[in-house]
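Labels below follow one simple rule: chain letters A, B, ... track the order of the sequence lines, proteins then strands, and each chain is numbered from 1. Note that the structure is predicted; figures quoted are calculated from it, not measured. When reading the values below, keep in mind they use all heavy atoms of this one structure, side chains included, and skip hydrogens, waters and symmetry mates.
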2 protein chains.
Amino acid sequence: MQKQKMSGYLDPFLELCKKFDLKITPQRCAIYKRLMQAKNHPTADQMFRVVKREFPNISFDTVNRTLMTFAEIGLVDVIPTEGGPRRFDPDLDKHHHFHCIHCGEIVDFTNEEFDNLGIPEHILEDFTVYSKRVVLNGVCPKCRKKKGFKDRNNAKQNKNT
Amino acid sequence: MQKQKMSGYLDPFLELCKKFDLKITPQRCAIYKRLMQAKNHPTADQMFRVVKREFPNISFDTVNRTLMTFAEIGLVDVIPTEGGPRRFDPDLDKHHHFHCIHCGEIVDFTNEEFDNLGIPEHILEDFTVYSKRVVLNGVCPKCRKKKGFKDRNNAKQNKNT
DNA sequence: GTGATTGCAAACCTTTTGCACGCCA
DNA sequence: TGGCGTGCAAAAGGTTTGCAATCAC
């Protein structure tokens, strides 16, 4: 009966599995379920810890491999990061990223102007484009407030005062 | 005399070092020099191999740490990647990235419309923005041509024919 | 002279790979 | 039943850290 109650939100997942000839396993279902609830671009390890709570026997590899599989079939996005562990983005709606070069945090934001950007013709001729995103780099509010924060554009401010 | 000949292109680098109280070491100069000649977003390891040719004693760590230092002072960009080694972008001019989800290649392109995008007011209020970049995700021409390439939007195309 | 920088080595973290067993279709 | 998927373990790859020696200022 659990299965029937859950079938609703699992539908798009089941469909996609069928489409790509992926077997429907309890592990994959659990990972999908938690993924849809996830906020803030979880890493494979974070997902592992969450899923492990209701699926104690699951291995990290399964979670990691499953997430990669999900990425391949377009169920999640893999977020480019600057060196740290891979991050997955379950939010497939249009949104953009602000990346803090200080703490590494990635903050989502939405913006219609960015959404409506056209993709240049000469790109479309040669490339198949799946997604488009504006990425801002800088310093987030939290880091800006930190004592001793050195603004890149204001180096040696102390010396010049 | 070598030093005098080279002082020209090193000038902006020397200035920046002074600005941030960084000591000017032969290692840093060599890395900077090669970095400015680099194409295609080198990794720390690639930079290490190149610099090593004219500076056989240099260690990987020095190259890696120096590149991170350069990134901190805004001399290079760190390119977000999806899992592989960190990549550095010495091209600070406005440009945008196409990322191939198949081979991982990052292709630069320029686009005026993208360059002229404004940054939303509500972002500017809370965040300090250093750079803005449009990132496209998809499949590059090389991968598209590969035999057996599966279009994400056309799974099971063989079965449906 | 002094503190930043370098080179070396080990530690650490994450991802990848190989393989036997088990489960879904 | 057959083959994909899982779990375990080891390996690989890349980055970070600690420290002593060295070098720029």
Identify all side-chain donor-acceptor contacts of residues 54-61 of chain B below 3.5 Å with residues at least two apart in sequence or on another chain.
residue  : atom : partner  : partner atom : Å
Glu54(B) : OE2  : Arg34(B) : NE           : 2.6
Glu54(B) : OE2  : Arg34(B) : NH2          : 2.8
Ser59(B) : OG   : Thr62(B) : N            : 3.2
Ser59(B) : OG   : Thr62(B) : OG1          : 3.1

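Fit an axis to the five pairs at each end of the helix from dG1(C)-dC25(D) to dA25(C)-dT1(D) and the two axes sit 50° apart, to the nearest 10 degrees.
Going from atom CD1 of Ile73(A) over to atom P of dC4(D) covers 16 Å, rounded to whole Å. Per the geometry, CD1 belonging to Ile31(B) stands 8 Å off P belonging to dG7(C), to the nearest Å. Following rounding to the nearest Å, Leu67(A) (CG) and dT15(C) (C1') show an atom-to-atom distance of 13 Å. The CD1-C1' distance, from Ile58(A) to dG5(D), rounds to 11 Å in whole Å. The distance between atom CZ of Phe48(A) and atom C1' of dC8(D), rounded to the nearest whole Å, is 12 Å. Summarising the geometry, the separation between CG on Asn64(A) and P on dC8(D) is reported as 15 Å, rounded to the nearest angstrom. Taking atom CD of Gln27(A) as the reference point, atom P of dC23(C) lies 10 Å away to the nearest angstrom. The CD-P distance, from Gln46(A) to dC13(C), rounds to 15 Å in whole Å.
With sequence neighbours excluded, the residues that form a side chain to side chain contact (heavy atoms under 4.5 Å, CB included) with Asp115(B) are Lys94(B), His96(B). Not a single side-chain hydrogen bond (donor to acceptor under 3.5 Å, both in side chains) links Arg28(A) to another residue, sequence neighbours left out.
Across all strands shown, Asn57(B) has heavy atoms under 4.0 Å from sugar-phosphate atoms exclusively, and none from any base.
A salt bridge is defined here as a Lys NZ or Arg NE, NH1 or NH2 lying under 4.0 Å from an Asp or Glu carboxylate O, and Arg133(B) with Asp77(B) meets this definition.
The aromatic rings of Phe127(B) and Phe98(A) are tilted relative to each other, their planes meeting at an angle between 30° and 60°.
Of the residues in residues 85-92 of chain A, those lying under 4.0 Å from DNA chain C by heavy-atom distance are Pro85(A), Arg86(A).
Residues Phe13(A) and Phe70(A) place their aromatic rings such that the two centres sit under 6.0 Å apart.
Tracing side-chain contacts under 4.5 Å through hydrophobic residues (I, L, V, M, F, W, Y), one never reaches Ile106(B) starting from Val134(B); they form parts of separate clusters.
Considering only side-chain N and O atoms, Ser59(A) lies under 4.0 angstrom from the phosphate OP1 or OP2 of dG7(D).
In this structure, CD1 in Ile79(B) is found 10.0 Å from CZ in Phe88(B), a value given to the nearest 0.5 Å.
Within 6.0 Å of the CD atom in Gln37(A), the count of heavy atoms belonging to other residues, nucleotides or ligands exceeds 12.
Side-chain contact between Tyr32(A) and Thr66(A) is absent, with no heavy atoms from C-beta onward closer than 4.5 Å.
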(request) Could you run through nucleotides 17-25 of chain D and give me one letter per nucleotide, 5' to 3': B if any protein heavy atom sits under 4.0 Å from the base, S if only the sugar-phosphate is that close, - if neither? (result) BB-----BS
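Inspection of the His95(A) and Asn111(A) side chains reveals no N or O donor paired with an N or O acceptor under 3.5 Å.
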